[in-house]
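Just so it is clear: chains get the letters A, B, ... in the order the sequence lines come, proteins before strands, and each one is counted from 1. Fair warning: this is a prediction, and the values are worked out from it, not measured in the lab.
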Amino acid sequence: MPLDEIKIGGMGASRRRVEDNRFIRGKGNYVDDIVLPDMLHMEILRSPVAHARIKSIDVSKAWDTPGVRLVLTGEMMAARNLAWMPTLSYDTQAVLATDKVRFQGQEVCAVIADDPYIAKDACAKIVVEYEILPAIVNPLQAADPASVLIRDDKENQPGNKVFDWEIGDKAGTDKAFAAADKISKIELHYPRTHPSPLECCGSIADYDRATGKLTVYMTSQAPHIVRAAVALVAELPEHQIRIVSPDIGGGFGNKVPIYPGYVISILASILTEKPVKWIEDKTGNLISTGFGRDVYLKGELALRKDGRILGVRMNTVSDHGAFFSDAQPSKFKIGLMHSAFACYDIPVAHMMSTGYYTNKAPGGVAYRCSFRVTEAMFFQERMVQAAADDLGMDQAEFRRINFVKDDEFPHRTAFGFLTDSGQYGKCLDIGLEAIGYKNFAKEKAEAASRGRLLGIGISTMTEPLGAGNSREYDILGIKMFDSAELRVHMSGKALLRTGAKSQGQGHETTWAQIVTHELGIPAEDIVVEEGDTDTAPFGMGTYASRSTPVAGAAVAMVARKIRAKARKIAAHLLEVSEEDIEWELGRFYVRSNQDRGVTIQECAMAAYSNMPDGMEPGLENNAYYDPPNLTWPFACYIAKVEIDPETGVWDVLQFVAVDDCGVRINPMIVEGQIMGGLTEAYAMANMQYITYDEEGNCIGANYMDFLLPTAWETPGFELYEVVTPCPHHPIGAKGVGECATVGGPAAFVNAVMDALKDKGVRNIDMPLMPNRVYEALTTGNDVYGMPPVRVGN
Amino acid sequence: MTSLYEEISTPPAGDVPVRRVTINVNGQARTVDVEPRLLLAHLIRQGLKLTGTHTGCDTTNCGACTVLFDGRPIKSCTMFAVQADGHKVETVESLASASELHPIQEGFKEKHGLQCGFCTPGMMMAAKALLERNLNPTEDEIRWAISGNLCRCTGYQNIVKAILWAAEKMRAESK
Ligand code: FES
Ligand code: FES
């Protein structure tokens with residue numbers, strides 16, 4: 001009897017998670033749980049102002065505090081050439097400020113003491129004298145040639161512009177617009193927000209002078225990149241650096257960059273020769289670490305009467321804060337914004353992008369997204385909705401006629417990406433059926449009779465995951481591949497290590513399932529380890545939904561290498577030639593006699609005890625996987641909302657999610673990812689944003705201003721699945737972690753706009769807080785920009 | 001100085017004011033000298049080395065630090081250790097017995113009620129407080145009871161299912 005793959009925890013099994021066993025017992029091992037002997041504690045003094053010249057810093061009182069071991073200033077860092085560090089986007093970022101502070105919350109001093117309370121006390125005793133400069137809090141101000149120069153530390157930086165970037169066919173697009181029956185235009189802002197994992201960032205640096213070895217336990221989604229960067233910045237030999245990412249309390253992109261706190265804790269450990277722990281507080285996390293979004297768009301669609309889109313124009317202006325520290329592939333200045341419109345068959349497109357420095361926190365991380373695809377898909381779906389309305393066409397029909405059809409793959413998008421597979425129309429049909437689209441007019445009329453406004457919002461999109469192929473994708477020159485290493489022990493139990501790093505995605509569970517699928521070893525016999533650069537193979541880490549597309553593929557490939565060797569061993573054990581052997585899950589057998597066979601476990605034993613003559617003993621291997629292309633999951637999200645016109649409050653009556661992420665390794669975990677992602681989408685549409693007042697004070701510096709939805713507000717989600725396997729991925733998977741966060745926001749916003757359609761309102765920028773909806777309803781005007789700082793009108 | 005002295009005989013250092021408190025933690029009386037400003041969450045984590053209780057925000061917003069205080073769920077980052085003198089504190093470490101998981105723990109695993117696990121201990125303690133006074137909660141009652149606990153990963157739907165699962169099991173067991 002062949003093995004039952006689901007029973008042994010293979011692909012497709014909703015296997016319960018291995019990591020839960022420690023988490024539900026309170027036995028997780030997060031960075032703040034780690035205590036090393038003689039460990040010191042570090043606290044960072046941050047700038048209270050957004051833009052100022054530092055006139056003087058007096059740290060004497062801090063030094064005098066009993067229990068203080070070290071006080072670090074920018075000047076002391078500069079003496080060691082560590083006052084500035086490179087960012088992941090070829091810019092520089094201050095570690096501790098020397099000349100100026102450039103955003104509120106910037107790191108100014110650090111105190112290292114016996115106890116965190118003492119370190120905090122001592123920080124409060126540091127006196128810094130600032131000469132206040134005007135603060136620039138949006139790109140419009142930054143672009144003004146008369147405005148103050150933020151990055152006067154840089155040579156050849158005449159203004160506040162970070163980059164100009166352009167892609168697509170300008171002349172062709174102009175022609176398409178000239179030939180259009182109608183041009184639909186919309187201006188949008190995707191507000192600044194923050195990934196805000198529940199656990200903040202932190203590190204424990206432990207430098208051992210005797211051995212010269214530096215060990216850093218830290219909250220990193222990409223420990224190997226950190227190792228490479230530390231080797232460069234701190235000029236330490238790479239083989240003497242060990243980065244360990246223990247359990248991580250959520251990442252969502254926030255834990256990809258290298259933050260000043262990590263670097264300072266490393267120097268502090270080198271200087272004190274003791275382990276130094278730094279644990280950021282929530283305000284520190286929200287005001288200084290990688291934010292997401294903050295992009296303005298002018299978008300235009302050239303339309304034909306019958307509803308076909310003839311061309312796309314996008315013009316983006318983005319706010320990067322004080323340092324250009326976006327974590328993204330180096331070739332693409334505004335990430336993969338040009339993945340917009342990939343699910344639509346559009347002949348031609350053109351995009352211009354400009355980025356600016358402002359006196360705001362640096363970042364622009366991929367917040368649960370593959371490098372700006374969240375903005376791309378939001379802009380796309382808002383433009384599509386506006387165009388359908390402008391043409392007076394049904395929003396679902398408009399999408400359907402512009403979709404790339406199932407038989408048109410591979411498809412080259414207007415911006416040049418190659419998509420490979422999908423069933424877009426089918427996903428839309430399932431979604432419309434589930435939401436009751438046909439009966440909606442009746443429902444809407446019924447609600448109107450109760451004085452309520454109903455709306456349906458659709459968001460359909462395919463987004464690029466799995467960066468990348470190494471021809472096009474690198475970070476700081478390091479190509480974006482990934483890796484896996486598999487050791488099968490004598491008894492057929494196995495140890496798997498990858499270069500990815502789970503932050504809640506459940507790799508310890510799912511990676512084993514891939515091995516089970518390839519080798520038939522029961523999942524419970526496989527241990528998965530990640531996050532320790534001394535033991536894990538080199539990998540680029542986990543973000544941008546790239547783990548399943550890249551590391552997951554490496555897992556399948558290394559298991560196949562193991563199987564190839566086991567086949568040779570099986571031939572030897574069965575005394576037949578390799579060609580006469582067949583494989584079924586977990587077992588090789590002789591083609592002519594199915595009863596004569598050996599299990600993978602028997603092969604493993606023989607690899608250590610009875611290998612064929614001339615064969616290298618053992619059963620272990622590794623694989624580095626460089627994907628041939630990106631993967632392209634598709635999603636259709638549909639929201640039905642009801643607005644109370646007396647208050648502007650809107651409720652989600654129903655939400656339908658149809659996801660096609662290819663083959664699902666563990667359906668339970670996939671669904672968990674989708675529900676979590678939709679909740680973040682709901683948060684951004686509704687309440688979760690960061691803004692700044694005119695002086696550059698951050699509004700959104702704690703969970704009283706920066707709102708995360710609780711169980712009470714969060715709506716329920718209905719999930720549906722379609723499976724179109726990825727043609728180039730070894731197990732047909734496409735990745736899913738971010739789809740819902742990327743595609744979700746437009747569904748909510750489109751639904752509210754649909755409800756307001758008759759009121760003459762075309763756009764309310766996120767967050768759609770009740771007061772903004774109410775304002776639009778009562779005035780009939782659009783609501784543009786962020787509360788409370790309005791830009792543009 | 002905020003050092004903690006587990007040994008009653010250890011003298012406090014220097015001129016820092018300390019107070020001796022006795023707290024019943026997970027059924028065991030613990031006597032410690034603490035600086036009056038020390039937060040209960042920090043005593044639990046650093047002093048008593050019960051690191052299952054997490055701190056996410058330090059500002060009473062996230063609920064990762066939720067423990068039971070005389071049976072009621074409280075946010076331990078918002079209480080001083082000295083306020084717990086003479087009281088009973090239960091942390092996530094008290095849920096499982098040596099051989100058996102608590103039904104709430106089983107429910108969270110069974111229904112995929114956690115991802116990164118950071119909110120989970122606080123979430124489970126809030127759930128325990130609910131189920132101790134209401135073994136037959138509605139979905140709304142559950143959502144309300146855990147509305148002081150943020151989860152950034154799951155979207156709550158599976159947490160609600162996990163608690164319903166636990167309630168059902170506990171009802172069956174109590175029959
Ligand atoms: S740490 Fe106590 S509520 Fe967040
Ligand atoms: S599981 Fe990550 S915060 Fe809840």
Do A:Arg17 and B:His112 touch side chain to side chain, with heavy atoms closer than 4.5 Å? yes

Find the distance between [atom1] ([X]) and [atom2] ([Y]) and round it off to the nearest 0.5 Å.
| X | Y | atom1 | atom2 | value |
| --- | --- | --- | --- | --- |
| B:Glu35 | A:Tyr117 | CD | OH | 8.0 Å |
| A:Asp20 | B:Leu114 | CG | CG | 4.0 Å |
| B:Ile159 | A:Met675 | CD1 | CE | 10.0 Å |
| A:Phe23 | B:Met124 | CZ | CE | 11.5 Å |
| B:Glu110 | A:Ile24 | CD | CD1 | 10.5 Å |
| B:Thr51 | A:Tyr30 | OG1 | OH | 10.0 Å |

With chain B, which of [options] has the greatest number of heavy-atom pairs at distances under 4.5 Å?
| options | value |
| --- | --- |
| A:Cys200, A:Gly677, A:Ser196 | A:Ser196 |
| A:Glu680, A:Arg22, A:Gln503 | A:Glu680 |
| A:Ile674, A:Ile669, A:Asn285, A:Asn702 | A:Ile669 |

Taking B:Asp140, B:Ile142, B:Ile146, B:Thr120 one by one, which has the highest count of heavy-atom pairs under 4.5 Å against chain A? B:Asp140

Proximity breakdown for [X] and chain A, heavy-atom pairs closer than 4.5 Å:
| X | answer |
| --- | --- |
| B:Phe118 | both |
| B:Thr154 | backbone |
| B:Thr55 | side chain |

Report which part of [X] has an atom under 4.5 Å of a heavy atom belonging to chain B: side chain, backbone, both, or neither.
| X | value |
| --- | --- |
| A:Glu280 | neither |
| A:Ile248 | backbone |
| A:Leu286 | neither |
| A:Asp33 | both |
| A:Gln673 | both |

side-chain contact (heavy atoms from CB on, under 4.5 Å) between B:Asp58 and A:Lys282: does it pass, once the steps are laid out? CA-CA 8 Å; B:Asp58 284 345; A:Lys282 188 56 75 188; over 6 Å; no

Within a reach of under 6.0 Å around CD of B:Glu168, are more than 12 heavy atoms found that belong to other residues, nucleotides or ligands? no

Enclosure of A:Lys27 NZ (heavy-atom neighbours >12, cutoff 6.0 Å): no

Output the residues of residues 79-105 of chain B for which the shortest heavy-atom distance to chain A is under 4.5 Å, in residue-number order; output 'none' if no such residue exists. B:Val92, B:Glu93, B:Leu101, B:Gln105

Provide the closest heavy-atom pair for B:Arg152 versus A:Pro197 in the form atom of the first, atom of the second, distance. CG-CA, 4.3 Å

Note: B:Cys116 and A:Gly250 closest approach over all heavy atoms is CB-N, 3.4 Å

When only heavy atoms count and the cut-off is under 4.5 Å, which of residues 707-718 of chain A reach chain B? A:Leu708, A:Pro709, A:Thr710, A:Ala711, A:Trp712, A:Thr714, A:Pro715, A:Gly716, A:Phe717

Give the intermediate values and the outcome of side-chain contact (heavy atoms from CB on, under 4.5 Å) for residues B:Cys62 and A:Leu198. CA-CA 8 Å; B:Cys62 77; A:Leu198 213 49; 3.9 Å; yes

Determine whether B:Lys109 and A:Asn21 satisfy the following criterion, side-chain contact (heavy atoms from CB on, under 4.5 Å), listing intermediate values before the conclusion. CA-CA 8 Å; B:Lys109 178 169 176 180; A:Asn21 294 334; 2.6 Å; yes

